[in-house]
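Before any comments, here is the structure.
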Amino acid sequence: MSAMDTEGTVLAAAQGLLVLVPLIVGVVPVAMLIGVVWWGRRKRQQQPPPPRPEEQPRLPDSGPVHEVREHREPNELPPSEHRSTPHELKRTNRS
C-alpha cells in the first residue's frame with residue numbers, strides 16, 4: 001500500500017463520519033418523539049372513557065341558580081394628613 005492509498009482511506013473514513021453524525025442527530029429525536037407518542041397513547045387508554053350523555057350534570061328541578069348581588073355603602077375615611085395603617089381601620093364583619 002502506498003502513502004496515497006492510506007491518505008485516501010483516512011479521508012473516506014472522515015467523510016463517512018460527516019454523513020453518520022447528522023443522520024444520528026436526526027434519528028435520535030425522531031425516535032424519542034415516536035416513543036413519547038406511544039407512551040401517551042398507552043396512558044390515554046388506561047384512563048376512564050368520557051361520560052355518556054346520561055352521566056352528564058343536570059340542571060336542578062328548581063331551575064338555574066342565580067347570583068346574589070349586594071350594594072354596600074363605602075366605609076369612608078375622614079380626611080387627615082396622617083396616613084392610616086391597617087390596624088387603625090374599623091373592623092368589618094367579613095367571614
Side-chain angles (χ1 to χ4, degrees):
M1 248 176 133
S2 69
M4 213 162 195
D5 289 338
T6 308
E7 289 175 13
T9 306
V10 171
L11 287 175
Q15 286 179 345
L17 284 177
L18 290 176
V19 171
L20 190 60
V21 170
L23 183 66
I24 291 173
V25 169
V27 169
V28 169
V30 169
M32 288 175 61
L33 288 172
I34 290 171
V36 167
V37 169
W38 172 79
W39 182 71
R41 289 185 62 144
R42 211 176 90 201
K43 284 295 204 180
R44 179 81 185 245
Q45 288 175 349
Q46 293 174 355
Q47 294 178 352
R52 295 186 306 263
E54 60 269 8
E55 296 173 340
Q56 295 291 331
R58 299 278 179 213
L59 205 59
D61 293 334
S62 61
V65 179
H66 299 288
E67 67 179 64
V68 177
R69 293 183 181 227
E70 296 179 343
H71 180 69
R72 297 172 143 191
E73 292 297 322
N75 192 1
E76 297 286 333
L77 294 175
S80 71
E81 296 288 326
H82 170 352
R83 181 175 176 177
S84 300
T85 58
H87 71 275
E88 295 173 329
L89 300 176
K90 292 182 189 175
R91 184 169 174 85
T92 59
N93 291 335
R94 290 189 182 179
S95 34

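Just so it is clear, the model here is predicted, and its values are computed rather than measured.
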List for me each residue that meets side-chain contact (heavy atoms from CB on, under 4.5 Å) alongside Gln47, sequence neighbours excluded, and say none if there are none.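 Expected list: Arg44.
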What pairs of residues pass the side-chain hydrogen bond (donor to acceptor under 3.5 Å, both in side chains) test when at least one of them lies in residues 51-62, not counting sequence neighbours?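 Passing the test, one end in residues 51-62: Arg52-Glu54, Arg52-Glu55.
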How close do Val25 and Pro29 get, heavy atom to heavy atom, and via which atoms?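 Nearest pair, atom of Val25 first, then Pro29: O-CD, 2.7 Å.
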Have His82 and Ser80 got a donor and an acceptor in their side chains that come within less than 3.5 Å?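 No pair is found: no donor N or O on one side chain lies under 3.5 Å from an acceptor on the other.
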Listed partners of Glu67 passing salt bridge (Lys or Arg N to Asp or Glu O under 4.0 Å), at least two apart: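 Listed in chain order: Arg69.
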Within one Ile-Leu-Val-Met-Phe-Trp-Tyr cluster: Val36 and Val27, side-chain cutoff 4.5 Å: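 Per the 4.5 Å side-chain linkage, Val36 and Val27 are not co-clustered.
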Just wondering, are more than 12 heavy atoms of other shown residues or ligands nearer than 6.0 Å to CD in Gln46?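 Count over threshold, so yes.
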